[in-house]
Undergrad: 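Here it is: the structure, laid out below.
Predicted model, so just to flag it, every value in this text is computed and none were measured. To find a chain, count down the sequence lines: A is the first, B the second, and so on, and within it residues start at 1.
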Number of protein chains: 2
Amino acid sequence: MSPADKQQRLAGFLAAHRDSGLPVTIQRRAVFEAIVERPDHPTAEQVYRAVRQDLPQISRMTVHRILGTFVSLGLVTKTCHPGSATRFDPKTHQHHHLVCLECGTIIDIEDSRLNSLPWPEVDPREFAIQDYHVHFHGRCARCRQKERESARPAAGPRGAGGPQDT
Amino acid sequence: MSPADKQQRLAGFLAAHRDSGLPVTIQRRAVFEAIVERPDHPTAEQVYRAVRQDLPQISRMTVHRILGTFVSLGLVTKTCHPGSATRFDPKTHQHHHLVCLECGTIIDIEDSRLNSLPWPEVDPREFAIQDYHVHFHGRCARCRQKERESARPAAGPRGAGGPQDT
DNA sequence: GCACCGGATGATACTTATAGGCAAGTAGGA
DNA sequence: TCCTACTTGCCTATAAGTATCATCCGGTGC
């Protein structure tokens, strides 16, 4: 994330607080800075550990509460993957995800073709659709590499840079 | 689910166990029967409660283990929604979900237009996509009804059948 | 029908994630 | 600078999921 982008996100953060009448505490600022800098999709626990580098006395509970506040302010979105804790995504515009079925890594996808899908024909009295999100499931490079290495333990898995057969 | 469908699913269950060399225990059979009968997407805890009606002595641990086994056998799929526990879906063919952002209810969508989406252009060395899943977010009828009722507490929220303004 | 074996089960305790209450502290405005 | 309302940090509690290990049971060979 470029410094200019970061400044812009920070301005949005301040504006959202002003508009809602919420005070801008150093904890909120620290949590926000910790989350916008990350390219990944951290869990509350990961955010907590990152924030503790700046604010060692912050409590886990506070991080949870602040992340909840950010979600209601629309500053971050919640996402999740079966078998792992709730993750927080600093991107709020429409985008989609690649999810590794083994390690749970989430990778962002920006593909405009996916932003204009047909909405299913649902009776609006039954369900009011607001937006959608596509999860592509599969296996990331690291997990596939690990699998290749463990599949041939006797054939020299570290040999000559490894066979790039994909 | 019709009795014929259920018989077919049960046959698939038995075949999957035979093919994998796994024993068919009464616990596994009970968990499977509890999950195929449900039209919703129960959590492990809900499956546990349902199974206890037939097998009061079954442990929560066993239900978790059996559901994990079923996922690896491909008999059920895991799904999840931020803020709620992992849910299990007895449907294994490609389908999509409506997810209520308030109560977490998950409703199945069968819309063939969503089954042939363009896959994003990802370097196959970076990520091997296997399948995908579309989540539509919004609010279900019950939550919207509740909101309407709480939005006008002084205007007679129970009056004359309620204004059907949707 | 019976015995055996490997894997499954059940009880318990443990870990992790999240929530509520309350006193003390702090941001922001007068 | 002071005041007030909101936030924070701590403690405890709850829920979901996991690890371990002795015991039990399904499946198979005899």
Undergrad: Between the side chains of A/K78 and A/D89, is the shortest nitrogen-to-carboxylate-oxygen separation below 4.0 Å, so that they form an ion pair?
TA: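 A/K78 and A/D89: not salt-bridged.
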
Undergrad: Find the distance B/Y48:OH to C/dA11:P and express it as a whole number of Å.
TA: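 In whole Å, C/dA11 P and B/Y48 OH are 8 Å from each other.
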
Undergrad: Over how many whole Å does the gap from B/Q57 atom CD to C/dG10 atom C1' extend?
TA: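 One finds 9 Å between C1' of C/dG10 and CD of B/Q57, rounded.
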
Undergrad: Closest-nucleotide mapping onto DNA chain D: is B/P23 or B/R65 further toward the 5' terminus? I mean the 5' end.
TA: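 Looking at the nearest nucleotide for each, B/R65 comes out on the 5' side.
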
Undergrad: Do the charged groups of B/K91 and B/E110 touch, with an N to O distance under 4.0 Å?
TA: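 Salt bridge: yes.
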
Undergrad: Heavy atoms only, 4.0 Å cut-off, all strands: where does B/T62 land among base, sugar-phosphate and nothing?
TA: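 Base contact - B/T62 has a heavy atom under 4.0 Å of at least one base atom.
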
Undergrad: From CG of B/L55 over to P of C/dA11, roughly how many Å is that when rounded to an integer?
TA: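 One finds 12 Å between P of C/dA11 and CG of B/L55, rounded.
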
Undergrad: Just how far, in rounded Å, is C1' of D/dT14 from CE of A/M61?
TA: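 Result: 13 Å.
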
Undergrad: Thinking salt bridges, do B/E45 and B/R49 make one under a 4.0 Å N-O criterion?
TA: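 Between B/R49 and B/E45 there is a salt bridge, with a charged N closer than 4.0 Å to a carboxylate O.
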
Undergrad: Starting at the 5' end of DNA chain D, which residue's closest nucleotide do you reach first, B/L22 or B/R60?
TA: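 Comparing both residues, the 5'-ward one is B/R60.
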
Undergrad: Can you measure B/Q27 atom CD to C/dG7 atom P for me and round it to whole angstrom units?
TA: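 Result: 17 Å.
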
Undergrad: Check whether any side-chain nitrogen or oxygen of A/T86 sits under 4.0 Å from OP1 or OP2 of C/dT18, and answer yes or no.
TA: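 The answer is yes; a side-chain N or O of A/T86 sits under 4.0 Å from OP1 or OP2.
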
Undergrad: Take atom NE2 of A/H64 and atom P of D/dC10, then tell me their distance rounded to the nearest Å.
TA: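 These atoms are roughly 15 Å apart.
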
Undergrad: In whole Å, what is the span from the CZ atom of B/R18 to the P atom of D/dT28?
TA: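 Roughly 10 Å, once rounded to whole Å.
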
Undergrad: Find the distance B/H17:NE2 to D/dG26:P and express it as a whole number of Å.
TA: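 Distance check: B/H17 NE2 to D/dG26 P gives 13 Å.
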
Undergrad: Rounded to the nearest 0.5 Å, how far does CZ of A/R9 lie from CZ of A/F32?
TA: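 Here the interatomic distance stands at 4.5 Å.
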
